[in-house]
Amino acid sequence: MRNFTKVQDIGDIKQAVREALEIKKDRFGHTGLGRNKTLLMIFFNSSLRTRLSTQKAAMNLGMNTIVLDLNHGAWKLETERGVIMDGDKPEHILEAIPVMGCYCDVIGVRSFARFEKKEDDYNEVILRQFI
């Protein structure tokens, strides 16, 4: 699967649930699945449970994990197209994404609606830039 943005992307949901339940029976029995793979989790919005559960699941599968708290932590990325880069955001997301892809095998993005432009929120502007 190249992109997972909606539940239909995984195909047979019942089969996916069966596989997930099987993996949960022996959480450390599938560490080979993620061996030598790196998951990058990018958070535009904070979330304790999403971050911890995803990072722990990746580690249970043998993956390395990297977490970036964008716009709330040390890194700030510009997400608007055509903006003059003279503010507090030293890099544009469109330049950062290929770099992230060079170092990571899986990229997870958490980005909620901003409630600034309805059209941008419905079109998943930030997520679409990654895709």
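Residues take their numbers from the sequence shown, with the count starting at 1.
- Side-chain contact between F130 and I93: present, with at least one pair of heavy atoms (C-beta onward) separated by less than 4.5 Å.
- Here the closest non-hydrogen pair linking L39 and A58 is CD2-CB, 3.6 Å.
- Counting only distance, with no hydrogens or angles, the side chain of D69 and the backbone of F43 share no donor-acceptor pair below 3.5 Å.
- What you find for S53 and T50 is that their closest heavy atoms are OG-O, 3.4 Å.
- Here the closest heavy-atom approach between residue I66 and residue C104 is recorded as CD1-SG, 4.2 Å.
- To the nearest 0.5 Å, atoms CD1 (I42) and CD1 (I97) are separated by 7.5 Å.
- Between N60 and F28, some side-chain heavy-atom pair lies under the 4.5 Å cut-off.
- Atom CG of N36 has 12 or fewer neighbouring heavy atoms from other residues, nucleotides or ligands inside a 6.0 Å radius.
- The CD1 atom of I107 sits 10.5 Å away from the OG1 atom of T38 when rounded to the nearest 0.5 Å.
- In the displayed structure, Q15 atom CD is contacted under 6.0 Å by more than 12 heavy atoms of other residues, nucleotides or ligands.
- For the atom pair NZ (K25) and NE2 (H30), the distance works out to 10.5 Å, reported to the nearest 0.5 Å.
- Counting heavy atoms from C-beta outward, V109 and Q129 have side chains that stay 4.5 Å or more apart.
- Hydrophobic cluster membership of I23, counting Ile, Leu, Val, Met, Phe, Trp and Tyr whose side-chain heavy atoms lie under 4.5 Å apart directly or via other members: none, as it forms a cluster of its own.
- Two residues are said to be in side-chain contact when any heavy atoms from C-beta on lie closer than 4.5 Å; K37 and L61 fail this criterion.
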Given side-chain contact (heavy atoms from CB on, under 4.5 Å), test T65 with R51 step by step and report yes or no.
CA-CA 11 Å; T65 59; R51 178 180 174 166; over 6 Å; no
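- For the pair D9/K6, a side-chain contact is recorded, criterion being any heavy-atom separation below 4.5 Å from C-beta on.
- Side-chain contact between R110 and T54: absent, with no pair of heavy atoms (C-beta onward) separated by less than 4.5 Å.
- Counted within 6.0 Å of CZ on R18, heavy atoms from surrounding residues, nucleotides or ligands total more than 12; the atom is thus considered enclosed.
- Minimum heavy-atom separation, F4 to I10: CE1-CG2, 3.6 Å.
- Using a 4.5 Å heavy-atom cutoff, the side chains of T5 and E124 are not in contact.
- At a threshold of 4.5 Å between side-chain heavy atoms, the hydrophobic network of Ile, Leu, Val, Met, Phe, Trp and Tyr places L94 and I131 in one connected group.
- Note: the hydrophobic cluster containing M59 does not contain M63 (ILVMFWY, side chain heavy atoms under 4.5 Å, direct or indirect links).
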